[in-house]
Number of protein chains: 2
Amino acid sequence: MAEKQVSRRTKRTRKLIEDALMSLMLEKRYDKITVQDIIDRADVGRSTFYAHFDGKEDLLTSDFEQLFSSLSQQMDTDQGDNNEVFSTTDLFKHIQAHHGLYKALVWGRGVALIFKQGNIILSRIFERRLIRLVDDGEELKVPIPVLANHLAGSFLTLLKWWLDNNMPHTPEEMDEMYQNMVLPGVWGSLGRES
Amino acid sequence: MAEKQVSRRTKRTRKLIEDALMSLMLEKRYDKITVQDIIDRADVGRSTFYAHFDGKEDLLTSDFEQLFSSLSQQMDTDQGDNNEVFSTTDLFKHIQAHHGLYKALVWGRGVALIFKQGNIILSRIFERRLIRLVDDGEELKVPIPVLANHLAGSFLTLLKWWLDNNMPHTPEEMDEMYQNMVLPGVWGSLGRES
DNA sequence: ATTAAATCAAACAAAATGTTCATTTATGAA
DNA sequence: TTCATAAATGAACATTTTGTTTGATTTAAT
């Protein structure tokens, strides 16, 4: 995997631009932000911007993917014992640590991306975990993909609520609520007792 | 409430434009659609468009509000007996009836709007229903607003899955899955047995 | 048939997006 | 430190999209 060779100058510039977008996103809706705004804030030439990104869209996805890939990586190593197959404490912690960033994303067009990309990534993770729990051929009240989708969606919904309300609870408390609301239904749908 | 006096001609034109946007949204992402696209499709003059709407944004919210207001109205009259406080069959039916429209909305920028506006409207409804179920002062594992948010979010997540997968189940089946996944957690969080 | 409202096309101004290029600046390898 | 070169600059430019204005036409209600 040939490490992409990037000069520190390039790295710095990219970071300048990315940070500019983030800071702007805290102030106004993504679709109201122009490229001009970004390069003004980043104090970077117009041509420089286009040398690095194809446009606003590209910039946003770049930011976002970076963020979520570190997260999904963490969740994947982090298997958890059987009692905590669906623990989200670490997720909430990760997000608390980067909450400025996430908050920015949860605003404007960010919501769409979070709910799309985030759902895809999390669903995949939950699906893998669910499959380990059921014997194949087993008849379920709710199909696995729907369950996985539900687990991911519920998490993201709760996450959004948390961020929208300035994180009034600890990650542990949030996880507890999540477990309370979601687990009974999941176990039931799998035909298990909690 | 003086009924707004609109000529049928105006109504027709507005509908032409609204339909044009809908049909375009099935083809490409909302933010890639230009006003030019819309008026070409609607076969309507540029000035006419701006006579009716402030811009694309205005048009979309107009479409959306119209759709969701009829829905929330229906849900509000439709109280349901105690066993079906959280029945969503009618919701799924309503959406099936307008699925072209919803599918369009669930695409591009629509997702953001659905998950924002839709969540607000549904949360309000669920919150009212939840309040009727608990004695005040009662200590809950999960606060009512969080529960309401969860109910709304789970519904919208499931709805999106349904539409994304070309509605492979009947509204009744979808509602059953919804109940299976969501109710046990809600009753548990309220400190009740199902 | 008359009239007022609504639509039209076409031409604008203004804003935002991308591209190009000659010039300057910083980087890292020698 | 030196120096070749990769990267950033900014200013000019073409293009696209937006939103407004005009005055000529069409349409629908009385």
Side-chain angles (χ1 to χ4, degrees), chain A residues 2-64 66 107-110 112-113, chain B residues 2-64 66 107-110 112-113:
Chain A
E3 277 289 309
K4 251 181 290 184
Q5 186 67 302
V6 270
S7 74
R8 46 185 89 164
R9 210 181 164 196
T10 300
K11 244 185 234 170
R12 227 181 20 224
T13 309
R14 289 185 69 105
K15 186 155 172 34
L16 266 171
I17 297 175
E18 285 166 358
D19 289 352
L21 175 61
M22 285 301 164
S23 101
L24 279 165
M25 289 227 288
L26 288 169
E27 291 165 23
K28 49 171 155 176
R29 287 208 1 222
Y30 171 77
D31 37 311
K32 297 294 174 199
I33 298 172
T34 70
V35 173
Q36 196 61 52
D37 290 335
I38 298 172
I39 65 183
D40 283 350
R41 176 71 55 99
D43 195 26
V44 135
R46 188 171 198 70
S47 40
T48 309
F49 176 87
Y50 282 105
H52 288 290
F53 305 97
D54 288 342
K56 247 194 329 176
E57 192 72 9
D58 185 40
L59 170 56
L60 184 63
T61 28
S62 148
D63 271 14
F64 187 85
Q66 193 183 325
W107 249 54
R109 168 119 166 62
L113 266 179
Chain B
E3 276 288 309
K4 251 181 292 185
Q5 186 67 298
V6 270
S7 73
R8 44 188 88 163
R9 210 181 163 197
T10 299
K11 246 184 230 168
R12 238 194 357 239
T13 308
R14 290 184 67 106
K15 183 152 172 40
L16 265 172
I17 296 175
E18 286 166 356
D19 289 351
L21 175 61
M22 287 300 165
S23 101
L24 279 165
M25 288 226 288
L26 288 169
E27 291 165 24
K28 49 171 153 174
R29 290 211 357 225
Y30 170 77
D31 36 313
K32 298 293 174 199
I33 298 172
T34 69
V35 173
Q36 196 61 50
D37 291 334
I38 298 171
I39 65 183
D40 284 351
R41 176 72 55 100
D43 195 27
V44 135
R46 190 171 196 68
S47 40
T48 307
F49 176 87
Y50 282 105
H52 288 290
F53 305 96
D54 288 343
K56 249 195 327 175
E57 191 74 21
D58 186 38
L59 170 56
L60 184 64
T61 28
S62 148
D63 272 14
F64 186 84
Q66 192 183 325
W107 249 54
R109 168 118 164 62
L113 265 180

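Numbers restart at 1 for each chain; the letters A, B, ... are given by sequence-line order, proteins then strands.
- As a whole-Å value, the separation of Lys32(A) NZ from dA16(C) P is 10 Å.
- Distance, His52(A) NE2 to dT19(C) P: 15 Å, rounded to whole Å.
- Looking only at side-chain heavy atoms (C-beta outward), Leu60(A) and Lys56(A) stay at 4.5 Å or farther from each other.
- Here Asp58(B) contributes atom CG and Tyr50(B) contributes atom OH; the two are 11.0 Å apart, rounded to the nearest 0.5 Å.
- Atom-to-atom, CG of Leu16(B) to C1' of dC8(C) comes out at 14 Å; the value is rounded to the nearest Å.
- We find that OH of Tyr50(A) is positioned 12 Å from P of dA16(C), with the value rounded to whole Å.
- The two residues Phe53(B) and Ser62(B) make their nearest non-hydrogen contact at CE2-OG, 4.0 Å.
- Nucleotide dT17(C) holds its C1' atom 15 Å from the CG atom of Asp58(A), rounded to whole Å.
- One can place CD1 of Ile17(A) at 13 Å from C1' of dT9(D), the figure rounded to the nearest angstrom.
- For the pair Gly45(B) and Ile33(A), both in contact range of DNA chain C, the more 5′-proximal nearest nucleotide belongs to Gly45(B).
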Q.
With salt bridge (Lys or Arg N to Asp or Glu O under 4.0 Å) as the criterion, how do Arg29(B) and Glu57(A) come out once you've worked through the C-alpha distance, each side chain's angles and the decisive distance to 0.1 Å?
A. CA-CA 12 Å; Arg29(B) 290 211 357 225; Glu57(A) 192 72 9; 3.2 Å; yes
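- For Thr10(B), a side-chain nitrogen or oxygen approaches OP1 or OP2 of dA6(C) to under 4.0 Å.
- Side-chain atoms of Tyr30(B) never come within 3.5 Å of backbone atoms of Leu21(B) as a donor-acceptor pair (strictly under, hydrogens ignored).
- Among the nucleotides dT27(C), dA9(C), dC21(C), the one closest to the side chain of Ser47(B) is dA9(C).
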Within the sub-3.5 Å range, which N or O atoms of nucleotides 11-13 of chain C have a protein N or O partner, and how far apart are they?
none

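- If you measure from atom NZ of Lys11(A) to atom C1' of dA26(C), you get 16 Å, rounded to the nearest angstrom.
- Nearer the 5' end of DNA chain D, as judged by each residue's closest nucleotide, is the contact made by Phe49(A), out of Phe49(B) and Phe49(A).
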Per-pair distances, 0.1 Å, donor-acceptor, side chain in residues 33-41 of chain A, under 3.5 Å, sequence neighbours excluded:
{"unit_1": "Thr34(A)", "atom_1": "OG1", "unit_2": "Gln36(A)", "atom_2": "N", "d": "3.3"}
{"unit_1": "Thr34(A)", "atom_1": "OG1", "unit_2": "Asp37(A)", "atom_2": "N", "d": "3.0"}
{"unit_1": "Thr34(A)", "atom_1": "OG1", "unit_2": "Asp37(A)", "atom_2": "OD2", "d": "3.4"}
{"unit_1": "Gln36(A)", "atom_1": "OE1", "unit_2": "Arg46(A)", "atom_2": "NH1", "d": "3.2"}
{"unit_1": "Gln36(A)", "atom_1": "NE2", "unit_2": "Asp40(A)", "atom_2": "OD1", "d": "3.3"}
{"unit_1": "Asp37(A)", "atom_1": "OD2", "unit_2": "Lys28(A)", "atom_2": "NZ", "d": "3.2"}
{"unit_1": "Asp37(A)", "atom_1": "OD2", "unit_2": "Thr34(A)", "atom_2": "N", "d": "3.1"}
{"unit_1": "Arg41(A)", "atom_1": "NH1", "unit_2": "Ser23(A)", "atom_2": "OG", "d": "2.4"}
{"unit_1": "Arg41(A)", "atom_1": "NH1", "unit_2": "Glu27(A)", "atom_2": "OE2", "d": "3.3"}
{"unit_1": "Arg41(A)", "atom_1": "NH2", "unit_2": "Glu27(A)", "atom_2": "OE1", "d": "3.1"}
{"unit_1": "Arg41(A)", "atom_1": "NH2", "unit_2": "Glu27(A)", "atom_2": "OE2", "d": "3.4"}

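- Helix-axis bend for the helix from dA1(C)-dT30(D) to dA30(C)-dT1(D): the local axis fitted to the five terminal pairs at one end deviates from that at the other end by 40°, rounded to 10°.
- A heavy atom closer than 4.0 Å to some atom of DNA chain C occurs in no member of residues 37-44 of chain A.
- Remark: Ser47(A) engages no residue in a side chain to side chain donor-acceptor pair (under 3.5 Å) (not counting sequence neighbours).
- In this structure, Thr48(A) reaches the bases: a heavy-atom distance under 4.0 Å links it to at least one base atom across the strands shown.
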Write out a two-atom table: protein N or O, nucleotide N or O from nucleotides 24-27 of chain D, distance below 3.5 Å.
{"unit_1": "dT27(D)", "atom_1": "O4'", "unit_2": "Arg9(B)", "atom_2": "NH2", "d": "3.2"}

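- For Thr48(A), the side-chain contact (heavy atoms from CB on, under 4.5 Å) partners are Thr13(A), Val44(A), His52(A), not counting sequence neighbours.
- Between the CG atom of Asp31(B) and the P atom of dT18(D) there is a distance of 11 Å, given to the nearest Å.
- One finds no side-chain N or O of Arg8(A) lying less than 4.0 angstrom from the OP1 or OP2 phosphate oxygen of dA26(C).
- A residue-by-residue look at Ala51(A) and Lys56(B) shows that Ala51(A) has its nearest nucleotide of DNA chain D further toward the 5' end.
- The salt bridge (charged side-chain N to carboxylate O under 4.0 Å, His left out) contacts involving residues 14-24 of chain A comprise Lys15(A)-Asp19(A), where partners must be two or more places apart or lie in separate chains.
- Scanning atom types as modelled, no donor and acceptor separated by under 3.5 angstrom connect the side chain of Ser7(A) and the base of dA26(C).
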